[in-house]
Chemist: 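Mind looking over this structure? Questions follow.
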Number of protein chains: 2
Amino acid sequence: MATATAAQRRKQAKEAYDAFLAECPTRQLLETLSDKWMGLVLASLGHGPMRHSELARKIAGVSQKMLTQTLRTLERDGLVARTVTPTVPVRVDYELTPLGRDLAPVMVAIKTWAEAHMDEVRAARTAYDEGQPA
Amino acid sequence: MATATAAQRRKQAKEAYDAFLAECPTRQLLETLSDKWMGLVLASLGHGPMRHSELARKIAGVSQKMLTQTLRTLERDGLVARTVTPTVPVRVDYELTPLGRDLAPVMVAIKTWAEAHMDEVRAARTAYDEGQPA
DNA sequence: CTGCATCCTGACCGATACTG
DNA sequence: CAGTATCGGTCAGGATGCAG
């Protein structure tokens, strides 16, 4: 039943998080971090504060909706700080928090890896597709 | 009819968008690596070869379909090697290739980060939600 | 045991229009 | 410039059944 299992799960979660468990909050956080635009947004902000429109320009292909949604999630998770300057045209700046600055390099590492090994992956795909006729 | 025109416009836009992405292959690879189960599969295989059913058991919550789909993608990208042993009950083992072994630590790093900073993120979420009453 | 095909629901995402 | 709300299409992905 749920009672015994729930108590056990709670106790375990308090002592050590394990993303392999479906109910563990870490799983949810991992999925959030794996979101399509998270890496690019974090990598962009890693160079310094940026405005909403600057991010939209830098990250080609992202819609205004997705960008706002991603930034909201990052803000809620304490990875990004949102600063509103109430001038006449409202100005909003996004900046990494200390927590975000700690995560950013890890996300950048994946991006860097992808760039470094693109050729090998491409070659593997070509070989695979040739061996698997449609 | 209006539907045909709308569909055509949509199709044209989609093709143009895909053509644009073709110039930036890194983006596509990054999205692939950011897929929901990629991190957990790579992290699991980082400890050694595993069978299909073993992976399904270890990664709680993944469906058979998604697991196979993820493994096929990894195999196509040359990150995972698939070995079929034609015994009577067919045995299939998945193992990281050298390329996969190079990537795995980076993916594990994100998982590790998530597990390490879960408490801080939780606190940030609570604070955010309390400050933003619906 | 492993993998593939089919069906079907609902979540995601882009486009658009409107507020401040 | 920044953000929200709504609508509609697309497709991811879960469940099931069958094949090797």
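Values below: all heavy atoms of this structure, side chains included; hydrogens, waters and symmetry mates excluded. Proteins get letters first, then strands, A, B, ... in listed order; numbering begins at 1 in each.
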Chemist: Please output the side-chain donor-acceptor pairs of residues 61-71 of chain A that fall under 3.5 Å, not counting sequence neighbours, one pair per line with the distance.
Modeler:
unit_1, atom_1, unit_2, atom_2, d
S63(A), OG, M66(A), N, 3.2
Q64(A), NE2, T68(A), OG1, 3.0
T68(A), OG1, H52(A), NE2, 3.2
T68(A), OG1, Q64(A), O, 3.1
T70(A), OG1, M66(A), O, 2.8

Chemist: Counting only side-chain N and O atoms of Y94(A), is one of them less than 4.0 Å from OP1 or OP2 of dG3(D)?
Modeler: yes
Chemist: Give every residue pair that meets the side-chain hydrogen bond (donor to acceptor under 3.5 Å, both in side chains) criterion with at least one member in residues 104-114 of chain B, sequence neighbours excluded.
Modeler: D102(A)-W113(B), K111(B)-E115(B), W113(B)-H117(B)
Chemist: Restricting to nitrogen or oxygen on both sides, can you table the protein-nucleotides 12-14 of chain D pairs closer than 3.5 Å?
Modeler:
unit_1, atom_1, unit_2, atom_2, d
dG13(D), N7, K65(B), NZ, 3.1
dG14(D), OP2, S63(B), OG, 2.6
dG14(D), O6, K65(B), NZ, 2.5

Chemist: Is any side-chain N or O of R51(B) closer than 4.0 Å to OP1 or OP2 of dT2(C)?
Modeler: yes
Chemist: Tell me the bend of the helix from dC1(C)-dG20(D) to dG20(C)-dC1(D) as the angle between end helix axes, each from five pairs, rounded to the nearest 10 degrees.
Modeler: 40°
Chemist: For nucleotides 18-20 of chain D, tabulate all protein N/O to nucleotide N/O atom pairs closer than 3.5 Å, reporting atom names and distance.
Modeler:
none

Chemist: Check the distance between dG3(C)'s C1' and L55(B)'s CG and give it to me in whole angstrom.
Modeler: 14 Å
Chemist: OP1 or OP2 of dA2(D) versus the side-chain N and O atoms of S53(A): is any pair under 4.0 Å?
Modeler: yes
Chemist: Which residue pairs satisfy the salt bridge (Lys or Arg N to Asp or Glu O under 4.0 Å) criterion with at least one member in residues 80-92 of chain B, sequence neighbours excluded?
Modeler: R91(B)-D93(B)
Chemist: Where the side chain of R72(B) is defined as all heavy atoms beyond and including C-beta, which of dC1(D), dC4(C), dG3(D) is the nearest nucleotide?
Modeler: dC4(C)
Chemist: Under 4.0 Å between a side-chain N or O of R82(B) and OP1 or OP2 of dG3(C)?
Modeler: yes
Chemist: Taking only the side-chain heavy atoms of P89(A) (C-beta and beyond), determine which of dA2(D), dC1(D), dT2(C) contains the nearest atom.
Modeler: dC1(D)
Chemist: Report the distance from atom CD of Q64(A) to atom C1' of dA5(D), rounded to the nearest whole Å.
Modeler: 11 Å
Chemist: Write down the distance between CE (M50(B)) and P (dC1(C)), rounded to a whole number of angstrom.
Modeler: 15 Å
